[in-house]
Amino acid sequence: MANHPRIQPAPARLYLLFFLALWFTYGVLINSGNLNAFGLQHAGVDAYVARHNFYLEGATDPRLKVEPVVDAFLFNGHVYPAKQPGQFMLGALVYFPLHTLGLTYTSNYLLTAALVTFFTAGFVAALSAVVVFSLARRFATSSGTFWPLVVALSYALGSTIAAYSGIAWHDTLATGYLVMAVYFIVRLAREQQPGRAKFFAAGAGVFLGLTITTSMLPFLMTLVAAAYFLSLRRWKLLVPFILGGALGIAPLLIYNIICFGNPLLVPNLAGNYSDTFFRPTLSNLLSKLQFYPRMITLYVPVFWAGLAGLLLFPARLRREQIFIGASLAALFLYVLNIEATGTCQYGPRYLLPAMPFASLGLIGFSFVSRKPIKILASASVLVVLLASAGINVIGAMHGSMLCDYPHSAWQLYIAEMMNGQMRSFPLAKWLFLPMVASISLFVFTIISTSKQAGSNGETI
């Protein structure tokens with residue numbers, strides 16, 4: 001197993017405040033543009049709760065009526081969403097008490113949709129960013145918070161997860177679940193207490209199962225994560241890992257049986273969405289090799305810095321380096337060999353599951369020993385991080401349903417906002433002050449923690 005050094009544990013309030021700061025920030029940025037444009041996500045939730053159906057027809061509110069085109073299809077006389085059901089199941093858990101209390105999509109669509117989004121995608125995205133922060137601290141060589149914080153912020157604000165945190169989106173949720181599964185596996189690598197080890201193994205299995213229940217996009221990445229678990233050779237933990245995986249994927253299998261009569265017939269296969277099928281051709285590969293580097297450069301330039309940092313991992317992190325590289329390769333193997341590109345999107349949507357792992361690569365720069373080079377690397381990474389954060393926060397503010405790919409989408413959005421084309425933000429009046437307070441307390445705690453690390457002679 002990897003020989004991770006023992007670092008001084010960060011105070012629990014540091015993680016809590018970081019989570020709250022991000023969660024409230026994501027909540028403030030939830031806007032009417034995304035809520036209206038991505039109605040399918042809420043149509044499924046409404047069908048589950050209001051009509052107790054897995055199919056979509058029957059909605060009385062015109063904003064929730066879905067025709068069997070593009071993201072929905074007709075199967076055995078019913079209209080189904082061409083999405084894995086995990087996003088709707090989680091949304092239904094949030095919407096059920098709201099619906100019971102009388103707050104419905106019909107009575108107040110924007111507020112209801114914003115709350116469902118806040119407690120699903122916003123919550124999972126913020127929690128996964130805290131997990132990335134914790135993973136970065138475990139990979140680091142000291143208790144300093146600078147590089148772990150850079151890693152976490154590059155994911156939380158500098159990647160497309162920020163732009164999609166305001167949408168109850170399946171790939172956002174699946175990305176968060178995958179990160180949590182990896183966290184449990186990393187914790188398992190050093191855990192010797194049998195009870196805790198079984199818990200971590202089962203937790204990893206559950207979240208890998210939930211990843212597939214929610215999105216098929218990172219399917220190959222879940223296989224890489226499973227191989228990472230097996231590389232630990234903790235064979236006694238294989239049973240809780242498998243049982244956890246079965247529990248996580250069970251909702252999908254039950255859904256497939258009820259809706260399509262076959263536990264393995266997932267929605268995109270049932271709807272014959274052939275543009276998502278793995279079909280490698282040279283012409284398509286060459287096209288994607290032009291498309292994705294351009295999209296990464298325009299929307300997530302910090303991604304490239306993460307790949308460079310991954311090359312700097314020390315030998316003690318070789319297993320983690322191989323895992324991260326293999327995970328990224330698995331996703332690219334899929335997206336480079338399918339016809340679809342994500343259609344209307346702000347940034348490379350199909351690369352969402354890659355964002356936390358590319359961000360973790362940035363921790364590699366913390367291992368640079370020569371001070372002048374380390375200072376230069378820090379400054380360069382901060383510049384691209386700020387650029388990426390600016391681009392994706394603007395996208396979160398103005399909407400992710402962008403149906404063309406201008407070279408400077410953020411300039412287009414700023415121009416529209418300056419011309420008065422502003423969105424409304426249903427939760428901002430309630431969450432703005434909590435956001436400011438939690439950010440302030442988090443910064444204060446970071447400074448205190450850094451001073452303590454510095455007094456102990458550690459790198460900050």
Side-chain angles (χ1 to χ4, degrees), residues 22-46 48 56 63-64 66 70-72 81-95 98 105 109-129 155-179 211 214-215 217-218 299-300 341-353 355-356 391-403 409 413 423-428 431:
L22 291 174
W23 192 29
F24 292 148
T25 299
Y26 290 155
V28 166
L29 294 175
I30 293 173
N31 62 79
S32 57
N34 280 332
L35 298 176
N36 287 321
F38 292 88
L40 173 66
Q41 279 59 44
H42 299 284
V45 172
D46 182 65
Y48 285 23
L56 301 178
R63 291 165 294 192
L64 299 175
V66 178
V70 186
D71 285 337
K83 311 291 182 186
Q84 300 289 90
Q87 62 178 332
F88 307 118
M89 294 176 178
L90 182 61
L93 293 177
V94 176
Y95 183 48
L98 297 178
Y105 287 113
Y109 176 78
L110 289 180
L111 178 59
T112 303
L115 287 171
V116 170
T117 302
F118 179 61
F119 285 102
T120 55
F123 181 90
V124 171
L127 184 59
S128 66
Y155 167 62
L157 299 178
S159 80
T160 44
I161 203 72
Y164 283 86
S165 63
I167 309 166
W169 192 252
H170 55 298
D171 294 334
T172 302
L173 296 170
T175 299
Y177 295 152
L178 182 59
V179 170
T211 300
T214 306
S215 174
L217 177 61
Y299 292 93
V300 203
T341 58
T343 318
C344 298
Q345 59 191 322
Y346 188 88
R349 176 170 67 81
Y350 280 171
L351 296 186
L352 264 174
M355 296 303 160
I391 292 167
N392 285 283
V393 169
I394 289 171
M397 289 179 61
H398 205 58
S400 297
M401 186 63 79
L402 182 66
C403 292
Y413 276 12
R423 314 303 190 194
S424 64
F425 301 87
L427 302 182
L431 296 181

Hey, does the side chain of [X] reach the backbone of [Y] with a donor-acceptor pair shorter than 3.5 angstrom?
{"X": "Asp71", "Y": "Ala82", "value": "no"}
{"X": "Arg349", "Y": "Gly342", "value": "yes"}
{"X": "Tyr177", "Y": "Val124", "value": "no"}
{"X": "Ser400", "Y": "Ala163", "value": "yes"}
{"X": "Thr120", "Y": "Gly91", "value": "no"}
{"X": "Tyr346", "Y": "Tyr299", "value": "no"}

Plane angle bin for Phe24 and Phe118 - parallel if under 30°, tilted between 30 and 60°, otherwise perpendicular: parallel
Determine the minimum heavy-atom distance between [X] and [Y], stating which atoms define it.
{"X": "Pro353", "Y": "Pro356", "answer": "O-CD, 3.6 Å"}
{"X": "Leu64", "Y": "Gly39", "answer": "CD2-O, 4.2 Å"}
{"X": "Pro218", "Y": "Thr211", "answer": "CG-CG2, 3.5 Å"}
{"X": "Ala162", "Y": "Ala156", "answer": "CB-O, 3.4 Å"}
{"X": "Met401", "Y": "Ala37", "answer": "CE-O, 3.6 Å"}

Heavy atoms, side chains only, cut-off 4.5 Å: are [X] and [Y] in contact?
{"X": "Thr25", "Y": "Val393", "answer": "no"}
{"X": "Leu352", "Y": "Ile161", "answer": "yes"}
{"X": "Pro348", "Y": "Thr160", "answer": "yes"}
{"X": "Thr175", "Y": "Tyr164", "answer": "no"}
{"X": "Pro81", "Y": "Val66", "answer": "no"}
{"X": "Leu431", "Y": "Phe425", "answer": "no"}
{"X": "Tyr109", "Y": "Asn36", "answer": "yes"}
{"X": "Ile30", "Y": "Ile167", "answer": "no"}

Measure the spacing between [atom1] of [X] and [atom2] of [Y] and express it to the nearest 0.5 Å.
{"X": "Gln41", "Y": "Leu35", "atom1": "CD", "atom2": "CG", "answer": "10.5 Å"}
{"X": "Asn392", "Y": "Leu29", "atom1": "CG", "atom2": "CG", "answer": "11.5 Å"}
{"X": "Asn31", "Y": "Leu427", "atom1": "CG", "atom2": "CG", "answer": "10.5 Å"}
{"X": "Thr214", "Y": "Gln84", "atom1": "OG1", "atom2": "CD", "answer": "8.0 Å"}
{"X": "Leu115", "Y": "Leu110", "atom1": "CG", "atom2": "CG", "answer": "11.0 Å"}
{"X": "Leu90", "Y": "Phe123", "atom1": "CG", "atom2": "CZ", "answer": "9.5 Å"}

Aromatic ring proximity, centroids under 6.0 angstrom, Tyr105 and Tyr95: yes
Pairing residues for Tyr350 by the ring pair (Phe, Tyr, Trp, His ring centres under 6.0 Å) criterion, not counting sequence neighbours: none
Side chain to side chain contact (heavy atoms under 4.5 Å, CB included) between Val45 and Val94, intermediate numbers included: CA-CA 9 Å; Val45 172; Val94 176; over 6 Å; no
Any residue meeting side-chain contact (heavy atoms from CB on, under 4.5 Å) with Ser165, in chain and number order, not counting sequence neighbours: Tyr26, Ala125
Residue pair Thr117, His42: steps toward the side chain to side chain contact (heavy atoms under 4.5 Å, CB included) verdict: CA-CA 9 Å; Thr117 302; His42 299 284; 3.5 Å; yes
Exercise: do Tyr155 and Ser128 side chains pair donor with acceptor under 3.5 Å: yes
